Amino acid sequence: MTSIEYDSAVAGRARDALAAAGYTPTLVTGDGLAGYDKNAEYDRLIATCSVRYIPFPWLWQVRDGGTITVPLSGWMYGNAFAHLTLDDDGTASGRFLEDDVYFMTARSHGPPPMATPYLGIGERRSSRVDPRVLDEAAGLFVGQLAAPSAMKLGGGDEVVLLDVATGSQATTKPDPEGGWMVRQHGPLRLWDAVEDAVLAWQNAGSPHQSAYGLTVTRDRQYVWLGEPDGPSWDLPV
């Protein structure tokens, strides 16, 4: 068994506790996203941090037929618990589990600092979905798939999405005449993408994240709905 911890103080406490319990695994102080190739290949890799995408060293260090179990998260903090099996062609695929498990995000996968935005600008139209769907765990995960570099502020009827890569934004408000309005500004139409993903999810019966799966290849990492050839969204690798 090999365990990796980034924080040296935490690693030291873990080492003392394991020794007191009579266990002597290989303990490494370092970046878990890089794995530990000296003890590879591994049968199972279990991550106790959340990631935005699967680090490629994990694929290289887990044996064919081995598994990677890790919470997938993002900058909106939507989560799903991935369980992948390695194939002999170097790819990995699997469905998300029914367990709602997540941990703190790996430090290098967290969001960057956000500048103070000027909100409520851009083209205005009616929203095709209720913004409150992003208050639900599955709905938030789905919305995050569609806008992976966006951060979410607010909630309920009044949602703000800010894309930290392009400065694009989307803001929603209730429409006095019924329904909701959205304003969008910037090169990315964030709410258009979120609506498409949410509507696909709702048309499938608004299932739990376990209705989705994840496939990882050398060229692409993507989340799919239902089956690998179903609707899909690329992860921000």
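Worth knowing before you read on, the calculation uses all heavy atoms, side chains too, and leaves out hydrogens, waters and symmetry mates. As the structure is a prediction and not an experimental result, all values here were calculated from the model.
When the side chains of ILVMFWY residues are joined at heavy-atom separations under 4.5 Å, either directly or via intervening members, W58 and W60 end up in a single hydrophobic cluster. By the rule that hydrophobic residues join a cluster once side-chain heavy atoms approach within less than 4.5 Å of another member, Y42 and V216 end up as members of separate clusters. Under the 4.5 Å side-chain contact rule for hydrophobic residues, I46 and V70 do not share a cluster. Under a hydrophobic-cluster definition in which Ile, Leu, Val, Met, Phe, Trp and Tyr are linked whenever side-chain heavy atoms come within less than 4.5 Å, directly or via other members, V51 and L84 are assigned to the same cluster. Linking ILVMFWY residues whenever their side-chain heavy atoms come closer than 4.5 Å, directly or via other members, leaves M181 and L161 in distinct clusters.
Atom-to-atom distance recorded for L27:CG and T2:OG1 is 8.5 Å, nearest 0.5 angstrom. Of the inter-residue distances, the one linking I68 atom CD1 with S93 atom OG reads 11.5 Å to the nearest 0.5 angstrom. We find the OG1-CG distance between T91 and L86 to be 8.0 Å, quoted to the nearest 0.5 Å. Note that the CG atom of D43 and the CE atom of M1 stand 11.0 Å from one another [nearest 0.5 Å]. Atom CG in L162 sits 8.5 Å away from atom CG in L190 (nearest 0.5 Å). Taking CZ of F81 as the start and OG of S73 as the end, the distance is 13.0 Å to the nearest 0.5 Å.
At a threshold of 4.5 Å between non-hydrogen side-chain atoms, the residues P131 and W191 count as touching. The shortest distance between side-chain heavy atoms of E98 and Q209 does not fall below 4.5 Å. At a threshold of 4.5 Å between non-hydrogen side-chain atoms, the residues T105 and F103 do not count as touching. When side chains are defined from C-beta on, P25 does not count as touching S3, because their heavy atoms never get closer than 4.5 Å. Side-chain contact between S206 and W201: present, with at least one pair of heavy atoms (C-beta onward) separated by less than 4.5 Å. In this structure the side chain of T172 never reaches within 4.5 angstrom of the side chain of S127, judged on heavy atoms. Residues I54 and L59 form a side-chain contact, since some pair of their non-hydrogen atoms from C-beta on lies under 4.5 Å apart. Side-chain contact between V198 and E195: absent, with no pair of heavy atoms (C-beta onward) separated by less than 4.5 Å.
Nearest heavy atom pair, residue P207 against residue A138, reads O-CB, 3.7 Å. R189 and Q184 get closest at one heavy-atom pair: C-OE1, 3.2 Å. Between A204 and L225, the shortest heavy-atom distance links the atoms CB-CD2, 4.0 Å. Taking every heavy atom of both residues into account, P57 and A34 meet most closely at CB-O, 3.5 Å. A pairwise comparison of heavy atoms in G122 and H185 identifies CA-CB, 3.9 Å as the closest pair.
Salt bridge R107/D7: present, at least one basic N to carboxylate O contact under 4.0 Å. Salt bridge status for D192 with R125: present, with a side-chain N to carboxylate O gap under 4.0 Å. For R15 and E5, the salt-bridge test fails: no basic side-chain N is under 4.0 Å from an acidic carboxylate O.
Applying the ring-ring contact (aromatic ring centres under 6.0 Å, His included) criterion to H109, with sequence neighbours excluded, gives Y53. For T217, the side chain to side chain donor-acceptor pair (under 3.5 Å) criterion is met by no residue, not counting sequence neighbours. Partners of D130 by salt bridge (charged side-chain N to carboxylate O under 4.0 Å, His left out), not counting sequence neighbours, listed by chain and number: R132.
Under the 3.5 Å distance criterion, the side-chain polar atoms of D31 are matched with a main-chain donor or acceptor of L33. Judged by distance alone, with hydrogens and angles left aside, the side-chain atoms of R124 form no donor-acceptor pair with the main-chain N or O of I121 at under 3.5 Å.
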*Take N79 and L72 through the test side chain to side chain contact (heavy atoms under 4.5 Å, CB included) and record every step on the way to the result.*
CA-CA 6 Å; N79 298 280; L72 185 74; over 6 Å; no
*Under the side chain to side chain contact (heavy atoms under 4.5 Å, CB included) rule, what do Q169 and R183 come out as? Steps first, then yes or no, please.*
CA-CA 8 Å; Q169 66 169 264; R183 285 188 181 273; over 6 Å; no
_Pair K173-T171, side chain to side chain contact (heavy atoms under 4.5 Å, CB included): steps then yes or no_ = CA-CA 7 Å; K173 286 184 177 294; T171 57; over 6 Å; no
*Show your working on side chain to side chain contact (heavy atoms under 4.5 Å, CB included) between H208 and F96 and close with a plain yes or no.*
CA-CA 9 Å; H208 183 265; F96 294 101; over 6 Å; no
N/O donor to acceptor pairs below 3.5 angstrom from side-chain atoms of residues 227-237, sequence neighbours left out:
unit_1, atom_1, unit_2, atom_2, d
E227, OE2, R95, NH2, 3.2
S232, OG, R220, NH2, 3.1
D234, OD1, R220, NE, 2.5
D234, OD1, R220, NH2, 3.1

Enumerate, atom names and distances included, each donor-acceptor pair closer than 3.5 Å involving a side-chain atom of residues 139-159, sequence neighbours excluded.
unit_1, atom_1, unit_2, atom_2, d
Q144, OE1, G74, N, 3.4
Q144, OE1, M76, N, 3.2
Q144, OE1, Y77, N, 3.1
Q144, OE1, G78, N, 3.0
Q144, NE2, G78, O, 3.1
S149, OG, D163, OD1, 2.3
K152, NZ, G154, O, 3.0
D157, OD1, W180, NE1, 2.8

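Around the OH atom of Y222, the shell of radius 6.0 Å holds more than 12 heavy atoms that belong to other residues, nucleotides or ligands.
Identified under the ring-ring contact (aromatic ring centres under 6.0 Å, His included) test for residues 7-37, with sequence neighbours left out: none.
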